[in-house]
A.B. asks: 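The structure that follows is given in the form of C-alpha cells.
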Amino acid sequence: MELGTTLTRFLIEQQRIHYKEATGDFTGLLADIATAAKVISREVNKAGLIDILGFQGSKNVHGEAVQKLDLFANDVFVRTLSHTGHLICMASEEMDEIYQIPEAAKKGKYVFLMDPLDGSSNIDVNISIGSIFSIYRRKSSGEKATEEDILQAGSNQAGAGYVIYGSSTMLVYTTGYGVHGFTLDPGIGEFLLSHEAITIPNKGGIYSINEAYTDRWDQAIRDYVALAKAEKKTARYVGSLVADFHRNLLKGGIFLYPPDTQYPQGKLRLLYEAAPLAFIVEQAKGRASTGTGRLLDVVPEKLHQCIPLIIGSVEDVKAAEACFK
Ligand code: P6P
C-alpha cells in the first residue's frame with residue numbers, strides 16, 4: 001500500500017498550485033512548525049510518565065530542570081523557528097513582550113504568534129490540549145519588528161493552524177486555500193494527510209459553553225443557550241479550547257466564550273487564540289463572531305488583548321448573534 005501524502009509533499013504541491021512565484025519561505029516555515037509539533041507531541045505524550053520516570057520535583061533523573069510543559073513548548077517553538085530566516089519576530093502567550101529575532105540570525109518577512117500549549121492544566125488528567133499559531137506578513141521595513149507588524153486585523157493573516165495532542169496528534173492549518181488536517185504517524189515521524197479540505201456543517205448539534213458561569217452572563221447569552229437547548233443540541237465542553245474547537249469543526253456546532261462579569265472582554269486572547277481559529281473556521285465555511293461583529297475584522301490594540309469568541313457552524317453563530325441584537 002502506498003505511503004499517504006506527507007505534510008511536506010502536500011505543502012510543496014500547494015505551493016506549486018497557489019504560489020507559483022513563491023520563494024519557498026512560507027512552505028519552509030510551515031514545515032518547521034510541524035517539526036516543533038513533533039517534539040512537543042513526544043514530551044506531552046510522556047508527561048503522564050513524569051512520576052514513573054523518576055522526575056523528582058523540578059529535576060529529572062539526569063538532574064536536568066523539568067520545565068512546565070507550556071514553557072517547554074514555548075522554548076521548542078522559539079528554538080525551532082527563530083534562526084531559520086523566515087521570521088522578523090515572534091509573540092506568545094508565554095512571553096510578555098515581542099520576541100525580536102536575534103541580531104546574528106537571518107531575518108525573514110513573517111510574524112509568528114502562538115499559544116504554545118493551550119489548556120496545559122488538562123495534561124495531568126489526560127485531556128487533549130493544543131498549540132495554536134497565527135502567521136502574518138510584516139508591514140514595517142526596518143531592522144526590527146514594530147507593533148505595526150503585530151497589531152494586524154485577523155483578516156490579514158497569511159496562515160493559521162493548531163496542533164491537537166490527543167488520542168493522536170493532528171496538525172490542522174489554512175493558508176487561505178481551504179483547511180487541511182494531518183495526523184502524525186509516530187512510527188515514521190511524519191504528518192500524513194488525513195482530512196483534506198475540511199468543511200464545518202452549516203448547522204450543528206453541539207453547543208460548547210461553561211454553564212457554571214450562567215449568573216455572570218448577559219441576558220443575550222442566556223437567551224442563546226436556552227435556544228440551543230430548545231433545538232435539542234447536546235452540551236459538550238472539555239475546557240480545552242483546541243479540543244472543543246476541533247470536535248465542533250469536524251462534527252458541526254458552536255463554541256462560546258462570551259464576555260461575563262469576571263471577564264468583560266471574554267477570557268480568550270485575540271491574537272493567538274481567537275483570530276487563528278476564526279481564519280480556520282471561515283476557510284472551513286463556518287463563522288466567527290465577537291457577538292456583535294466579524295471577529296477577523298477586529299484590529300488589536302494590545303498584544304495580549306482578550307476578545308469574546310462565538311465560533312462554529314454558520315447558522316448557529318448567526319442565531320447567537322441574533323440574540324445580541
Ligand atoms: P473556563 C484553558 O485554560 C482555556 O484557556 C481554554 O483552553 C479553554 O477553552 C478555556 O480556558 C476554559 O475556560 O473558564 O471554562 O475554565
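Bear in mind that the values here come from a model prediction, so they are computed numbers and not experimental data. We count ligands from 1, going down the list as the structure has it; atoms in each ligand are counted the same way. Counting begins at 1 with the first residue of the sequence. Just so you know, these numbers use all the heavy atoms, side chains as well, and skip hydrogens, waters and symmetry mates.
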A.B. asks: Decide yes or no for Gln152 and Lys139: does some side-chain heavy atom of the first lie under 4.5 Å from some side-chain heavy atom of the second?
C.D. replies: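 Side chain of Gln152 against side chain of Lys139, heavy atoms only: contact under 4.5 Å found.
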
A.B. asks: Step through it carefully: locate the ring centre of Tyr19, locate the ring centre of Tyr177, and say whether they are under 6.0 Å apart.
C.D. replies: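 Yes, the ring of Tyr19 comes within the 6.0 Å limit of the ring of Tyr177, centre to centre.
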
A.B. asks: With sequence neighbours excluded, tell me which residues meet side chain to side chain donor-acceptor pair (under 3.5 Å) with Gln219.
C.D. replies: Arg222, Asp223

A.B. asks: Can you list, by chain and residue number, every protein residue with a non-hydrogen atom closer than 4.0 Å to ligand 1?
C.D. replies: Asp118, Gly119, Asn210, Tyr213, Tyr237, Gly239, Ser240, Leu241, Phe255, Tyr257, Lys267

A.B. asks: Give me the atom names and distance for the closest heavy-atom approach of Pro300 to Leu151.
C.D. replies: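 In this case the closest contact between Pro300 and Leu151 is O-CB, 3.6 Å.
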
A.B. asks: Any heavy-atom pair between the side chains of Tyr173 and Leu30 that's under 4.5 Å?
C.D. replies: yes

A.B. asks: Please say whether the positively charged group of Arg216, taken as NZ for Lys or CZ for Arg, lies over the ring of Tyr213, i.e. under 6.0 angstrom from the six-membered ring centre and within 45 degrees of the axis.
C.D. replies: yes

